[in-house]
Each structure stands twice: as structure tokens, then as C-alpha cells.
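Notes follow the structure.
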Amino acid sequence: MLIFLLLNIAIYSYGQTKISGKTVDLDNKALLSNVLIKNNENQTITISDKNGFFKINTPGIYTFKKTGYYNKTLNLKSNKSYIIQLKANIAELNEIIVTAHHIPKKISNATASIAIISSKNIKQHNSTDFAPILNKVPGVFMQNGALNTNRITIRGIGARNLFGTSKIRAYFNDIPLTNGSGETTIEDFELSSISRFEITKGASSSTYGAGLGGVINILPLNAYLNESNIDTELSFGSFGFIKNTTKLNYGDSKNGIHAIYSNTHSDGYRENNEYDRQTLTITSNHYINNKNDISFLASYVDLKAFIPSSLNEETYINNPKSAAFTWKEAQGFEDAKRGVFGLSWNHNFSTKTKQVTSVFTSFRNAYEPRPFNILEENTLASGIRTRFLGNTNLFSKKLDWTFGGEFFNDNHKYKTFRNLYRDFPSGTGSVKDSQLSDFEEKRSYYNVFFETNYQLSKNTLISLGLNFNETSYKLKDKFIVSETNPDQSGDFKFKNIVSPKFGISHAFSKNISIFSSISHGFSPISLEETLLPDGQINTDLKPETGWNYEIGLRANSFNKRLQFNTSLYRLNIKNLLVARRTAEDQFIGVNAGSTQHNGLEIAANYNWLKKDAITINSFANYTLNNFKFKEFIDEEDNFSGNDLTGVPSAVFNAGIDISTQLGFYGNINFQSVGSIPITDSNSLFSDSYKLTNLKLGLAKNIDKKWKLNLFLGLNNVFDESYASQILINASSFGGSAPRYYYPGNPINYYTGLNLSYRIK
């Protein structure tokens, strides 16, 4: 009998199957704990552990469920290991795991203001324009004078930057998109290659270094494992817009690759406004074993975009389609090629400790004829970012920690040449002549950072962070030295900056939590701003620094159908850096005082109906800005107490999204933007405006292999006249009126067809 029993046990054990794996967030690859794994046949339940790992003995069809994520059903086979990717459900925002500060946590436990823009949010608009997408986030405001002329501000930081985005940081899958001078460009990237934005608002230097206003983390569209498909889309619209996009996804059980190619053309609403861009984005993920995985990212952009520039008030009102006269005559444009490449390695030392290391390089080569000169520049950057993460127990309470460092170096070379367009017949465009300057900048920084989360009690979490930064520039003037061209070579090194952060969050219940934080931030000075009129470097300049004080509330109600977030903050900035214009194309930096940013941000999402036949969701958010020059003396002008230039007084957004089982879907978005101070003296304000955009479509599964998506969008439905970007404190030259305004597009449409074929 004993032998028979042992034999049966041996046969049974031999017949047992071994299925293992781990559950991860599709976008940021964070390990998802406590995922419910249900066998659809015998209804047995398995739960993934705190590190996302699971083991199952019986093959079959299983459904994976976690609050904050869409369910996923897979047929699991014997003796295989799986990586289960779950996609975040924005309707349960506060339950989603974010990695914005490197320690994965639910938004409901975060001690800072973090906003998520999901792939669904992105698809509610056209696939070209970032502004309507980012502007739905309270506290974030993007102005766009053209597809290649933009400025992003977070809580008013960066509003005084004359051209482009500055004083906030951006990363693309852990790769810095911010250059050595603190300037950021994200609008060149292909929108349909982005899966999620994670935006941290407020001073974020404790983790990211020079993050005075906040950080934008862009997560690329990762490959789906265990499936392969090809997707193509063709769209066209107003102003000669036409775009085609092709996506290819290949994935097996452990490896995935995703490639996206896009080609975009637009004649533009205005004169001298033609836009051509080609992009190629490739991401790959390789889960080698339970301890190691690597990912690769490559992004290439080839852009040629003409520049209509800003207009004076009379032309803006009476002839908004026109380009600025000098830019039209010079046929000014930007011709740029840009690439970003990175390799990331995740290694688990144990179930409690891991490391993440990314190495990266990027380049940008550009040629830009302007009315005042012709610019040639190229930049080559490289760096490494590494961090260790772990958890332990301290006084019987959980302690999560991370520490690491980031090193970044870029070499920026630029030359300027005379532009002789005025000496040739109208219509000739820019003509390159003798050289005016030749510079080489070597810019570098390093950050060492530490952050920890301590579970003080079941409902209370404390967060501490600290960053040490050193930034330096070296300038080499390679042009011929003469009395009119002094040697501007020199070095500039910031004093070391220490940026701390303290935060706390407390959950009163499963549905209500509050948070509060105090954080420090800073922004670097660009090398151009350090140059004095005599060509020497002003070593007395100080970087802008600030402290952010914030308190906020997150809540769910009506069975989590309502998601509500609000925050109240004060951000104090000192050593305010003012770009004082000395000529049409020359500025110097001056520390001229301090600003105070008081703000209120409210965001609400409500699920009105969730049935198999139809779902209806809505959102509304409101931003109230009370930003002032606390002290601002520029030469003989005292602007203390005035409203901060370049920031709207208030912004309101609302929208509704409908989808049906039949495949019909639609959304409508409304935005109201308050008036914006244009001059430091507050003698001139822009008009407030209201925009309405809508999109309708039909998405159907033709069969098991083919999917069809037809769509039609209409922007600025009520044909509002408005300034889509403001050039603050514009000066007049040669007796011409100052050019403050970039006209926004009138009513315009786009339409398209998307076809997807599943290979396996």
C-alpha cells in the first residue's frame, strides 16, 4: 500500500505543470503587487506577491485584475514564464502606480502633485499638437505660435523665457531631454509614440536636479508581449495638413520591439508657415530572467519648419495670416536633425534591492536663417543615470529608499553669419555671407540624490529627499579677436546647490487622503545670459532658486466613479533672472528681484455611465494663478507688486467622452484662458479667450485580425480669434511697432483612417 501511495504521489507530481511570471505596468514597467489572477474555468484564485511574482500549477485561461488597471485575459501554457503587462485605467487615476520620484507608489500615496496624461487622453486630439493635451493639466500651460514655436510653463515657471521652454525638466524613458543650459524641447517628438506623461508640479530638484517648476516624464509606447501587429494611419486636414504613420509591434513571451515611423506636412495657416517632419521611434524590451531586463530607445527627427514669427497689434487684428515682414522676406526657417538613444538595465539583487542604470547620447544639428543673422549649430550630449532602490524595516515599519546619481555633458558648437537677404530682390530669401561669430560651449552637471519613504503608520507616509548638484560651463571663442570682436572665452561654475524635500501623506480612509510638501528647486543660467556687452562672463550672476509649499487633497466617491484632486501652493522665487535686450538679437542676464507664485489647482473626473453598451466620462479642472513680482527693479523701473508677465490669470477646462459597444465614440473639450500680462509694467494685457474642440469616430473589429478606426476632428469650433502665444516685453526696432502676438488658428478640421492587422 505504501509503495502504491508513493507511486501515485510521484506520478501526480510529475504531471504537475509549472507556470510562473510577474505582473508589470505596461508603461513604466513598475512591478504590480497583489494582482488577482483568476482561473476562468475552475474559478481558483492566485495573488501576485509584493514584488509582482506569481506561480500557478494548472494551465488554462486566466484573467488578471488590479484596481487602477484594465483586466487582461491570457491562455497560460505549461512550463512557461510570463511577463503580464497591465495597462493603466485613467478612470481610476488615484490607484495608478507612478514612478515619478523613482520609488513606485500609488498616486493616492504621493506627497507631491503628480498628473497623468494617458494614451487615451492623447488620442482624444490630433496626433500633432501637444498644446491641447498638456493644457488639460491644472498648473501646466503650453503656448504655441506654430508647431515648432512653443513655450511650456508649470505654475508660472518659465513664463519669462523669451523663446522656447526653460526652467523645467523633461525625460524620455529616463533620458534627459533638457540640454546643458536648461532648455527643453518635447514638441518635435511623435505624439503617437508616447504612451503616458507623468508630470510632477512644483520644485523637483531633490530628485532631478535643475527642476524649479517641475518635471515632465514621457513614457514611450512599449511593445506588447505575446502579440505582433502592424498599424497604419493616414490623416489630412485644414491648411494642407497631411500625415501618415506606420507602427510595427513584435512580441514573444520575453522580448518586444515597437517601431513607429511618421511623416507630417502642413502648409500652415500663416505665410512662411510650411512644416515638414519625419520621425522614427524604436523601443525594445528584453526580460532576460527574473533578475535582469534591458530596454533600448532610439528616436530620430528630421524637421524643416518655416517661421512666421510674431506680429504687432494692428497686423494681428487685421491680417493675422501674414508673417512678420522681415521673417517673410528672409524666408526664415529651422532645419534640424535630432536623435536620442538610450540603453537601460534593471537588475534585481534580491527581492528587496535592485538597481536601474541608463546610458544615453543625443545629437542635434540645425541651420536657421533669421532676419538678423544665420545660425549654424550642432550639439552632442552623453551621460549616465543610475540609481539603487530597496526596502527594509525600521522600527517594524516599512522603509523604501532610493539613491543614485546622474552625469550629463554636452558640447554645443554654433556659428553665425551675415544675412544679405535685403541686398537681393524680394522672394530670394536668406543669403549667407561673412561669418560673425564662432563659439564652442562645453556644459556639464552632475546630481547625487537620495529619497526615502517611511510608512510611519498604516495610513501615514513620510517622504524625505536630498539632491547635490554641480553645474559648470566652458566657453571657447574661436572667432578672430579684434577691437570689435573681443575674446569671450571663459569659464563659469555655479556654487554647489543642495536641494532638500520633505513630504507627508495621510489616508483618512480608502477614499480620502491629504498630502503636504516643502521642496527646494533651482534653474541654471544659460551661458548666453552670462555674457556682458564687453564680451566677458558675468561671474556675479546667481541661479534662480525657490521653495515650494503645498497642501493637497485626493478623494474618491460614488464607488470610485468620482475622482477629485486639489492642491493649494506657494512658490517663492529669488534671484529672478531678467533677459535685458541690448540689440535685436542680443540679451544679457540680470538678477533683478523675486516673485511669489500663489495658486489653486482643482481636477475632477466623473464616470456617469459604465455599461457594456455605452460609457460616458467627464472631466473638469480649474487653475487660479496669483503670481506677483514681490520685488523687481530693472534699472530705473520698479515693477514690484505687478502681475507676473506671460501667465494667464485663470484657466478652466472641461470635457465629456463617450464610447459605445457599436464602436461609435466622441469627445468634446472646452478651454477658457484668462488675460495674460504682456509687459512688466502691466500696461498691456492680452484678451481672454475660449476654445472648443471635438472629435468623432468609429472603431470596429472587422474580424479577429483586422481593426478599423475612422475619425473626424474639429478644432476651434466657434472660430475664436485669439493669441496662441505671447512675446512678452517685445521691443520696437527701426520705428516699427513691437510684435507681441502669435495668432491662433481659426476653425480647422482633420480626418483620417486607421487600419490595424494582428499578425499573431
**Message:** Donor-acceptor pair, distance only, cut-off 3.5 Å: does the side chain of Thr452 make one with the backbone of Asp400?
**Reply:** yes

**Asked** side-chain hydrogen bond (donor to acceptor under 3.5 Å, both in side chains) with Tyr414: which of Glu376, Glu440, Glu441?
**Response** Glu441

**Prompt:** Just by distance, do the side chain of Ser505 and the backbone of Asn109 share a donor-acceptor pair under 3.5 Å?
**Reply:** yes

**Request:** Please confirm whether the backbone N or O of Pro677 pairs with a side-chain atom of Thr645, one donor and one acceptor, at under 3.5 Å?
**Result:** no

**Prompt:** Side chains of Thr111 and Ser517: do they bring a donor and an acceptor to under 3.5 Å?
**Reply:** no

**Between Asn148 and Glu334: side-chain donor-acceptor atoms closer than 3.5 Å** = yes

**Prompt:** Does the side chain of Asn144 come within less than 4.5 Å of Thr149's, by heavy atoms?
**Reply:** no

**Met142 backbone acceptor or donor facing Asn135 side chain under 3.5 Å** = yes

**Asked** Is Asp491 salt-bridged to Lys474, going by a charged N under 4.0 Å from an acidic O?
**Response** no

**Message:** Can a donor-acceptor pair be found, under 3.5 Å and without considering hydrogens, that links the side chain of Ser344 to the backbone of Ser358?
**Reply:** no

**Asked** What do the steps show when you test Phe130 against Leu191 for side chain to side chain contact (heavy atoms under 4.5 Å, CB included), and what is the final call?
**Response** CA-CA 7 Å; Phe130 279 73; Leu191 256 176; 3.8 Å; yes

**Prompt:** Do Thr679 and Asn729 pass the side chain to side chain donor-acceptor pair (under 3.5 Å) test, and can you show the C-alpha distance, the side-chain angles, and the key distance before you say yes or no?
**Reply:** CA-CA 5 Å; Thr679 58; Asn729 298 317; 5.2 Å; no

**Request:** Could you tell me whether the side chains of Glu601 and Asn621 share a donor-acceptor contact shorter than 3.5 Å?
**Result:** no

**Asked** Does Thr99 use its side chain to pair, donor to acceptor, with the backbone of Asn28 at less than 3.5 Å?
**Response** no

**Request:** Taking the side chain as every heavy atom from C-beta outward, state whether Ile518 and Asn548 have any pair of such atoms under 4.5 Å apart.
**Result:** no

**Prompt:** When you measure from the side chain of Asn150 to the backbone N and O of Leu147, does any donor-acceptor pair fall under 3.5 Å?
**Reply:** yes

**Prompt:** Does the side chain of Asp680 come under 3.5 Å of the side chain of Asn642 through a donor N or O and an acceptor N or O?
**Reply:** no

**Request:** Report yes if some heavy atom in the side chain of Ser499 is under 4.5 Å from a heavy atom in the side chain of Ile497; otherwise report no.
**Result:** yes

**Asked** Any side-chain heavy atom of Phe197 within less than 4.5 Å of one from Ile216?
**Response** yes

**Request:** Of all the heavy-atom pairs spanning Glu550 and Ser516, show the shortest one and how long it is.
**Result:** O-OG, 2.9 Å

**Request:** List the atom of Asp643, the atom of Asn682, and the distance in Å for their closest heavy-atom pair.
**Result:** N-OD1, 2.8 Å

**Request:** Would you check if Ile116 and Ile107 make a side-chain contact, meaning some heavy-atom pair closer than 4.5 Å?
**Result:** yes

**Request:** Flag the pair Tyr208 / Phe449 as yes when their ring centroid distance falls below 6.0 Å, and as no otherwise.
**Result:** no

**Message:** Can a side-chain donor-acceptor contact be found between Arg387 and Thr402 if the only test is distance below 3.5 angstrom?
**Reply:** no

**Message:** Classify the ring geometry of Phe408 against Tyr445: parallel below 30°, tilted from 30° to 60°, perpendicular beyond 60°.
**Reply:** parallel

**Request:** Check whether the ring centres of Phe403 and Phe388 lie less than 6.0 Å apart, and answer yes or no.
**Result:** yes

**Request:** With sequence neighbours excluded, tell me which residues meet ring-ring contact (aromatic ring centres under 6.0 Å, His included) with Trp327.
**Result:** none

**Request:** May I ask you to check whether Asp410 and Asn179 show a side-chain donor-acceptor distance below 3.5 Å?
**Result:** no

**Prompt:** Quick check: are there more than 12 heavy atoms from other residues, nucleotides or ligands sitting under 6.0 Å from NZ of Lys628?
**Reply:** yes

**Message:** Can you see whether Asn625 engages Ser649 through a side-chain donor-acceptor pair at a distance of less than 3.5 angstrom?
**Reply:** no

**Prompt:** Do the two ring centres, one from Tyr446 and one from Phe407, sit under 6.0 Å apart?
**Reply:** no

**Item:** Any side-chain donor near an acceptor of the partner, Thr386 and Thr357, under 3.5 Å
**Value:** yes

**Message:** Looking only at the aromatic ring of each residue, does the gap between the centers of Tyr569 and Tyr549 stay below 6.0 angstrom?
**Reply:** no

**Message:** Using the rule given for salt bridge (charged side-chain N to carboxylate O under 4.0 Å, His left out), can you reason through Glu544 versus Lys574, listing the C-alpha separation, both sets of side-chain angles and the distance that settles it, and then say yes or no?
**Reply:** CA-CA 6 Å; Glu544 291 182 349; Lys574 68 177 183 178; over 6 Å; no

**Request:** State, yes or no, whether a side-chain contact exists between Phe360 and Ser362 at a heavy-atom distance under 4.5 Å.
**Result:** no

**Request:** Show your working on side chain to side chain contact (heavy atoms under 4.5 Å, CB included) between Leu297 and Ile175 and close with a plain yes or no.
**Result:** CA-CA 9 Å; Leu297 168 68; Ile175 300 172; 3.7 Å; yes

**Complete:** Correct closest heavy-atom pair for Ala324 and Ser310 would be CB-O, 3.4 Å

**Item:** Criterion side chain to side chain contact (heavy atoms under 4.5 Å, CB included) on Arg570 and His597, from CA distance to verdict
**Value:** CA-CA 5 Å; Arg570 167 171 288 182; His597 302 233; over 6 Å; no

**Request:** Dump the intermediate steps for side chain to side chain contact (heavy atoms under 4.5 Å, CB included) on Thr623 and Leu600, then the final yes or no.
**Result:** CA-CA 6 Å; Thr623 305; Leu600 171 68; over 6 Å; no

**Message:** I'd like to know if Lys501 and Glu451 make a salt bridge, using a cut-off of under 4.0 Å between side-chain N and carboxylate O.
**Reply:** yes

**Message:** What I want to check is whether the side chains of Ser675 and Ser686 have a donor and an acceptor closer together than 3.5 Å.
**Reply:** no

**Complete:** Distance col, row Thr566:OG1 vs Leu553:CG, nearest 0.5 angstrom, shows 7.0 Å

**Asked** Does Lys630 reach the main-chain N or O of Gly593 with its side chain, forming a donor-acceptor pair under 3.5 Å?
**Response** no

**Asked** How far apart are the closest heavy atoms of Asn173 and Pro220, and which atoms are they?
**Response** CB-CD, 3.6 Å

**Request:** Indicate whether the side chain of Ser113 and that of Arg155 have a donor and an acceptor atom separated by less than 3.5 Å.
**Result:** yes

**Prompt:** Would you call Arg364 and Glu377 a salt bridge, taking side-chain N to carboxylate O under 4.0 Å as the test?
**Reply:** yes

**Prompt:** Within a strict 4.5 Å, meaning less than it, do heavy atoms of the Phe468 and Asn496 side chains meet?
**Reply:** yes

**Item:** Over 12 non-hydrogen atoms of neighbours within 6.0 angstrom of NZ in Lys542
**Value:** no

**Request:** Decide yes or no for Ser437 and Phe439: does some side-chain heavy atom of the first lie under 4.5 Å from some side-chain heavy atom of the second?
**Result:** yes

**Request:** Go through the structure and list residues passing ring-ring contact (aromatic ring centres under 6.0 Å, His included) with Tyr316, not counting sequence neighbours.
**Result:** Tyr741

**Prompt:** Of the non-hydrogen atoms in Thr178 and Arg169, which two are nearest, and what is the gap between them?
**Reply:** OG1-CA, 3.4 Å

**Request:** Verify whether one side chain among Arg739 and Asn312 offers a donor that lies under 3.5 Å from an acceptor in the other.
**Result:** no

**Prompt:** Is a side-chain donor or acceptor of Thr165 paired with a backbone partner of Thr185 at a separation under 3.5 angstrom?
**Reply:** no

**Request:** Would you please test Asn565 and Arg554 for side chain to side chain donor-acceptor pair (under 3.5 Å) and show each step?
**Result:** CA-CA 4 Å; Asn565 299 325; Arg554 300 183 179 99; 4.6 Å; no

**Item:** Exercise: identify the closest heavy-atom pair between Leu389 and Pro104
**Value:** CD2-CD, 4.3 Å

**Test item: Thr200 side-chain N/O and Val215 main-chain N/O as donor-acceptor pair under 3.5 Å** = no

